[in-house]
Amino acid sequence: IKKSDKIALVYEQKMLEDLEGKLETIQRNLKSSLEELCVQSGITTSNSVYHEIFPFSLIFRVKKGESLKEKVIRKYLYEDIYDSDSSKIVENIYSKVNDLIGITILIDTNKNLESFANFLYQGKINEIEAITPKADALSTLGDLKYYNIKANYKKMQEVVPIEIQIKSTV
């Protein structure tokens, strides 16, 4: 517990603010990339008021310190992450925790589920690289399919582990 407390403290003091800043950049990048891809793929709609209506919305979160602590304990990661040197803890968190930033792409219906997954797996979204093989990322809940994808946000030398879920609002 003490090691997990120290890991969470280092995370909150040395990483959380930086991750929140990166999240803003990821949000802008992902939103504009997806909008552009929707237009190119012809999956937008329109009405008398709006020229383009995009069939998705986005939800973002940065993992909180409490959530990190819970995961570290539940997955027995404290031995792999803890170090007396706090900069080593930061390095270990980046390498051992694969969902520091969470993104949910909510699509209007499952009709475009494959299109959105393909955008990601074909490398069409700048600075985001899928890690989970596509077949392994596809899951079902009853009759509904959804994707849960581990990915990396890469910009220059920085790599941030993210988790992306693609699912319908249903």
Would you call [X] and [Y] a salt bridge, using N to O less than 4.0 angstrom?
{"X": "E127", "Y": "K154", "result": "no"}
{"X": "K134", "Y": "E114", "result": "yes"}
{"X": "E66", "Y": "K69", "result": "no"}

Taking the side chain as every heavy atom from C-beta outward, state whether [X] and [Y] have any pair of such atoms under 4.5 Å apart.
{"X": "I125", "Y": "L37", "value": "yes"}
{"X": "I105", "Y": "L120", "value": "no"}
{"X": "N148", "Y": "E163", "value": "yes"}
{"X": "S168", "Y": "Y146", "value": "no"}
{"X": "I107", "Y": "P55", "value": "no"}

State plainly whether one hydrophobic cluster holds both [X] and [Y], where clusters connect Ile, Leu, Val, Met, Phe, Trp and Tyr through side-chain heavy atoms under 4.5 angstrom apart.
{"X": "V62", "Y": "L58", "result": "yes"}
{"X": "V159", "Y": "I149", "result": "no"}
{"X": "L77", "Y": "I1", "result": "no"}
{"X": "I59", "Y": "L34", "result": "no"}
{"X": "V90", "Y": "Y78", "result": "yes"}

Any sub-3.5 Å donor-acceptor pair from [X]'s side-chain atoms to [Y]'s backbone N or O?
{"X": "T132", "Y": "K150", "result": "yes"}
{"X": "S41", "Y": "I43", "result": "no"}
{"X": "N126", "Y": "N29", "result": "no"}

Heavy-atom closest pair, residues [X] and [Y]:
{"X": "K96", "Y": "D80", "result": "CE-CB, 4.0 Å"}
{"X": "Y11", "Y": "I93", "result": "CB-CD1, 4.0 Å"}
{"X": "L19", "Y": "I101", "result": "O-CD1, 3.9 Å"}
{"X": "V160", "Y": "Y94", "result": "CG2-CE2, 4.3 Å"}
{"X": "R61", "Y": "L100", "result": "NH1-O, 3.4 Å"}
{"X": "A151", "Y": "I164", "result": "CB-CD1, 4.2 Å"}

CA sep, side-chain torsions, deciding dist, call: L144, K167, side-chain contact (heavy atoms from CB on, under 4.5 Å): CA-CA 9 Å; L144 294 175; K167 55 187 172 183; over 6 Å; no
To the nearest 0.5 angstrom, please state how far the [atom1] atom of [X] sits from the [atom2] atom of [Y].
{"X": "K88", "Y": "S95", "atom1": "NZ", "atom2": "OG", "answer": "7.5 Å"}
{"X": "S33", "Y": "R28", "atom1": "OG", "atom2": "CZ", "answer": "12.0 Å"}
{"X": "S57", "Y": "D108", "atom1": "OG", "atom2": "CG", "answer": "7.5 Å"}
{"X": "F60", "Y": "I162", "atom1": "CZ", "atom2": "CD1", "answer": "9.0 Å"}
{"X": "N110", "Y": "I166", "atom1": "CG", "atom2": "CD1", "answer": "11.0 Å"}
{"X": "Q27", "Y": "I103", "atom1": "CD", "atom2": "CD1", "answer": "8.5 Å"}

Can you name the side-chain hydrogen bond (donor to acceptor under 3.5 Å, both in side chains) partners of K71, sequence neighbours left out?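 Expected list: N98, D99.
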Given F116, which of Y147, Y121, F56, F54 fulfils the ring pair (Phe, Tyr, Trp, His ring centres under 6.0 Å) condition?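 Testing each of Y147, Y121, F56, F54 against F116, the sole residue satisfying ring pair (Phe, Tyr, Trp, His ring centres under 6.0 Å) is F56.
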Pick out which of K64, E70, K63 makes a side chain to side chain donor-acceptor pair (under 3.5 Å) with S67.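 Filter result, single survivor: K63.
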Decide if atom NZ of K22 counts as having more than 12 heavy atoms of other residues, nucleotides or ligands within a radius under 6.0 Å.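 Enclosed: over 12 neighbouring heavy atoms sit under 6.0 Å from NZ of K22.
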Can you establish whether the number of heavy atoms outside D143 located under 6.0 Å from its atom CG is more than 12?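 No - once you tally the heavy atoms of other residues, nucleotides and ligands closer than 6.0 Å, there are 12 at most.
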Verdict with reasoning, V10 to M15, per side-chain contact (heavy atoms from CB on, under 4.5 Å): CA-CA 7 Å; V10 168; M15 297 176 67; 5.6 Å; no
